[in-house]
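Each remark here refers to the structure printed beneath this line.
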Amino acid sequence: MSTLVTGGAGYIGSHMVLNLAEAGEEVIVADNLTTGFAWALHPSAFFGQGDIADEAFLDRLITEHQIKSVIHFAGSIAVAESMADPLKYYLNNTANSRTLIERAVRGGVENFIFSSTAAVYGASQGDLVDENAPLNPLSPYGASKLMTEWMLRDAAAAHGLRYAALRYFNVAGADPKVRTGQSNASAMPLIKVAVQAALGLRGHIEIFGEDYPTPDGTGVRDYIHVTDLVNAHSSALTYLRDGGASFVANCGYGHGFSVNEVLCSVERVSGKKLDIRHGLRRAGDPGRLVANPARIKTLVDWQPIYDDLDTIVAHALAWEERLASTRRNILSGKY
Ligand SMILES: NC(=O)c1ccc[n+]([C@@H]2O[C@H](COP(=O)([O-])OP(=O)(O)OC[C@H]3O[C@@H](n4cnc5c(N)ncnc54)[C@H](O)[C@@H]3O)[C@@H](O)[C@H]2O)c1
């Protein structure tokens with residue numbers, strides 16, 4: 001019952017590998033290390049360094065390790081970059097996912113879990129977004145993910161693959177035991193950037209847009225702790241393995257925080273005053289995106305345990321401190 005985790009050396013993938021390894025599962029990772037780190041992998045995982053565009057690489061992993069389930073995190077993740085370089089996103093998130101799905105079907109894979117995103121919805125019409133909301137991505141990133149959902153839907157209907165497409169809202173925080181976290185220096189999610197500012201690793205933090213139709217004018221998002229998110233994946237995997245039907249589901253908590261509220265939490269948890277600057281809206285950013293998580297909660301056995309903004313911020317802060325002290329030790333020759 002080996003499971004192939006693509007992108008397993010990345011932020012969310014490395015938490016998934018930890019989760020599976022701790023459950024005693026055999027885990028095979030495929031990652032090209034463009035934004036991931038081999039050191040982030042649990043030692044029990046088998047690491048195949050390679051690209052999911054490489055059919056022979058995928059065939060080898062799937063056959064040699066008798067892969068029955070795939071959890072597919074590998075991809076390109078920045079909305080702003082996708083506006084500037086859309087074809088990169090249609091290649092890595094859509095075309096390369098097609099290759100993976102094809103090799104999985106040919107290799108006899110039975111279960112497939114895909115990292116989709118709330119960006120498939122575009123601007124939210126109501127308070128909470130459920131899975132039947134209009135699909136109207138505002139960015140090539142969202143569109144590239146939506147096309148992969150559709151490929152999975154059609155491949156499942158034709159070939160009997162069972163899949164779960166999980167639409168993540170804003171993933172944040174880090175492993176509560178501080179073993180892994182968001183380590184990519186070019187990743188810019190709000191909570192990571194804000195805790196870096198609190199630690200003095202960057203000078204200031206900029207708010208992009210204060211004229212959204214939200215209570216304080218700043219963007220509102222549903223922040224889900226990465227450990228709760230990977231727990232949702234393991235519950236979804238159990239559900240599919242037990243013969244459950246394919247599904248698409250939101251992964252969020254069902255309540256949102258504005259940028260201002262997040263920055264207040266970072267100041268509260270860190271005890272540091274942030275230098276906050278005020279910028280314009282960014283293209284591709286909706287004002288409010290908050291999940292209705294009813295479907296995932298009723299379909300699979302998943303109950304969040306870290307649904308608390310200050311806890312998410314505290315774990316992100318602990319990970320950023322750890323990264324910074326590791327960097328200092330390397331520079332001072334201790335490692
Ligand atoms: N972080 C979020 O808030 C968020 C929200 C919604 C969806 N997602 C999705 O979750 C997934 C994981 O995101 P993350 O935040 O962990 O990003 P990440 O950049 O940390 O992880 C992606 C991993 O995939 C690897 N990778 C990329 N392209 C590859 C390829 N062609 N072949 C092999 N490996 C490749 C990278 O090296 C990296 O280790 C992505 O698909 C992303 O779109 C993330």
Side-chain angles (χ1 to χ4, degrees), residues 4-19 28-41 45 47-55 57-58 61 70-79 81-82 88-100 103 113-121 137 139-149 152 164-175 180-193 221-230 232-233 249-252 285 289 291 312 316 319 323:
L4 175 65
V5 180
T6 74
Y11 168 44
I12 305 170
S14 62
H15 289 82
M16 187 77 244
V17 172
L18 263 180
N19 172 300
I28 313 302
V29 171
D31 200 300
N32 64 7
L33 300 183
T34 47
T35 56
F37 303 90
W39 54 255
L41 289 170
F47 177 41
Q49 185 173 345
D51 199 293
I52 59 159
D54 180 344
E55 295 184 358
F57 166 67
L58 291 176
L61 289 181
V70 171
I71 308 183
H72 177 32
F73 295 101
S76 303
I77 70 161
V79 170
E81 184 190 44
S82 81
K88 171 178 173 179
Y89 281 71
Y90 292 120
L91 176 62
N92 204 26
N93 292 349
T94 311
N96 291 346
S97 291
R98 185 208 161 276
T99 301
L100 175 67
R103 302 332 288 178
I113 299 180
F114 170 55
S115 297
S116 190
T117 168
V120 298
Y121 295 118
S139 64
Y141 169 68
S144 69
K145 290 282 183 172
L146 184 55
M147 285 193 265
T148 298
E149 282 194 14
L152 275 170
L166 301 182
R167 294 176 177 161
Y168 314 162
F169 282 62
N170 282 56
V171 189
D175 172 47
T180 187
Q182 171 56 273
S183 310
N184 179 4
S186 59
M188 296 286 192
L190 175 64
I191 291 180
K192 181 177 177 75
V193 171
R221 295 289 184 275
D222 187 336
Y223 293 91
I224 177 171
H225 193 292
V226 62
T227 301
D228 277 337
L229 179 74
V230 300
H233 287 63
N250 290 337
C251 287
D285 274 351
L289 261 185
I312 292 174
W319 178 250
L323 272 182

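Atoms within a ligand are numbered from 1 in the order they appear, just like the ligands themselves. Sequence positions, counted from 1, serve as the residue numbers for this chain.
The six-membered or imidazole ring of Phe73 lies away from that of His15, with a centre-to-centre distance of 6.0 Å or more.
Between Phe169 atom CZ and Asn250 atom CG the span is 4.0 Å, to the nearest 0.5 Å. If you take NZ on Lys192 and CD on Gln182, they are separated by 5.0 Å, rounding to the nearest 0.5 Å.
Checked by atom type and distance alone, the side chain of Asn93 never pairs as donor or acceptor with a backbone atom of Ser144 at under 3.5 Å.
Evaluated for a side chain to side chain donor-acceptor pair (under 3.5 Å) with Ser76, the options Thr34, Asn92, Thr35 yield exactly one hit, Asn92.
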Stepwise side-chain hydrogen bond (donor to acceptor under 3.5 Å, both in side chains) check, Glu81 with Tyr89: CA-CA 9 Å; Glu81 184 190 44; Tyr89 281 71; 2.3 Å; yes
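Near ligand 1, residues Gly7, Ala9, Gly10, Tyr11, Ile12, Asp31, Asn32, Leu33, Thr34, Thr35, Gly36, Gly50, Asp51, Ile52, Phe73, Ala74, Gly75, Ile77, Asn92, Asn96, Ser115, Ser116, Thr117, Tyr141, Lys145, Tyr168, Phe169, Val171 come within 4.0 angstrom through at least one heavy atom.
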